[in-house]
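So the structure is just underneath, and the comments pick up after that.
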Amino acid sequence: MINKKLQDAINTQINKELYSEYLYLSMRAWFAQQSLDGFANWMDIQAQEEHAHAMKFFNYVIERGGKIELEAIEKPAHDFESPIKAFQITLEHEGYVTSSINGLMDIAISENDHAARSFLQWYVDEQVEEEANADKILSQLKMIGDRIEGVLMMDRELAQRVFVPITPAK
Ligand code: FEO
């Protein structure tokens with residue numbers, strides 16, 4: 001049985017993951033409006049990943065005999081100014097999610113919940129990748145600057161990203 005403190009914190013985290021899905025869906029729409037379909041594809045995959053992160057938590061709470069309480073999802077921004085700005089927001093947001101995941105791990109450690117620690121380690125590792133991915137694209141966009149041919153080349157590269165399903169729980 002999951003302890004109530006951790007259960008409540010994971011319910012809050014589910015909301016953050018679903019908000020992340022919303023944010024990246026909003027970015028997906030913005031990039032599509034700029035005719036940058038490869039960037040839009042990258043954001044589409046990112047949104048699908050966030051949904052999978054939320055569902056992995058969702059299934060875990062149920063598996064450990066806990067209670068799910070879904071909250072309203074905040075409205076995301078819808079105008080991102082430039083690809084660089086969108087990826088600055090993405091990197092900043094992933095940093096926020098990382099600290100939130102670390103907070104869950106702190107609770108699991110203080111509550112001596114070894115099963116939760118094992119479960120949460122997947123998210124700790126995933127966040128390293130999430131931040132690295134956004135950071136790499138942001139760095140490349142900064143190198144490209146205003147050169148449209150560089151942005152279009154990146155657009156073709158980001159069109160290659162595909163969704164890789166994750167294990168639903170554990
Ligand atoms: Fe669910 Fe992008 O972290």
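Remember, it's 1-based here, ligands and their atoms both numbered in the order they're listed.
- Judged by distance alone, the side chains of E69 and Q7 never bring a donor and an acceptor atom under 3.5 Å apart.
- Put simply, E130 gets within reach of atom 2 (Fe) of ligand 1, with an N, O or S atom under 2.8 Å from it.
- Interatomic distance, NZ of K16 versus CD of E71, reported as 12.0 Å (0.5 Å rounding).
- Among the atoms of E126, none of the N, O or S atoms falls under 2.8 Å from atom 2 (Fe) of ligand 1.
- For atom 1 (Fe) of ligand 1, the nearest N, O or S atom contributed by E17 is named OE1.
- Atom OE1 is the N, O or S atom of E50 at the shortest distance from atom 1 (Fe) of ligand 1.
- Outside the 6.0 Å centre-distance limit, the rings of Y60 and W122 are not counted as a close aromatic pair.
- Closest to atom 1 (Fe) of ligand 1 among the N, O or S atoms of H53 is ND1.
- In summary, the side chains of R161 and Q46 do present a donor paired with an acceptor at a separation below 3.5 Å, with no hydrogens or angles considered.
- In summary, the aromatic rings of H93 and Y19 are positioned with their centroids under 6.0 Å apart.
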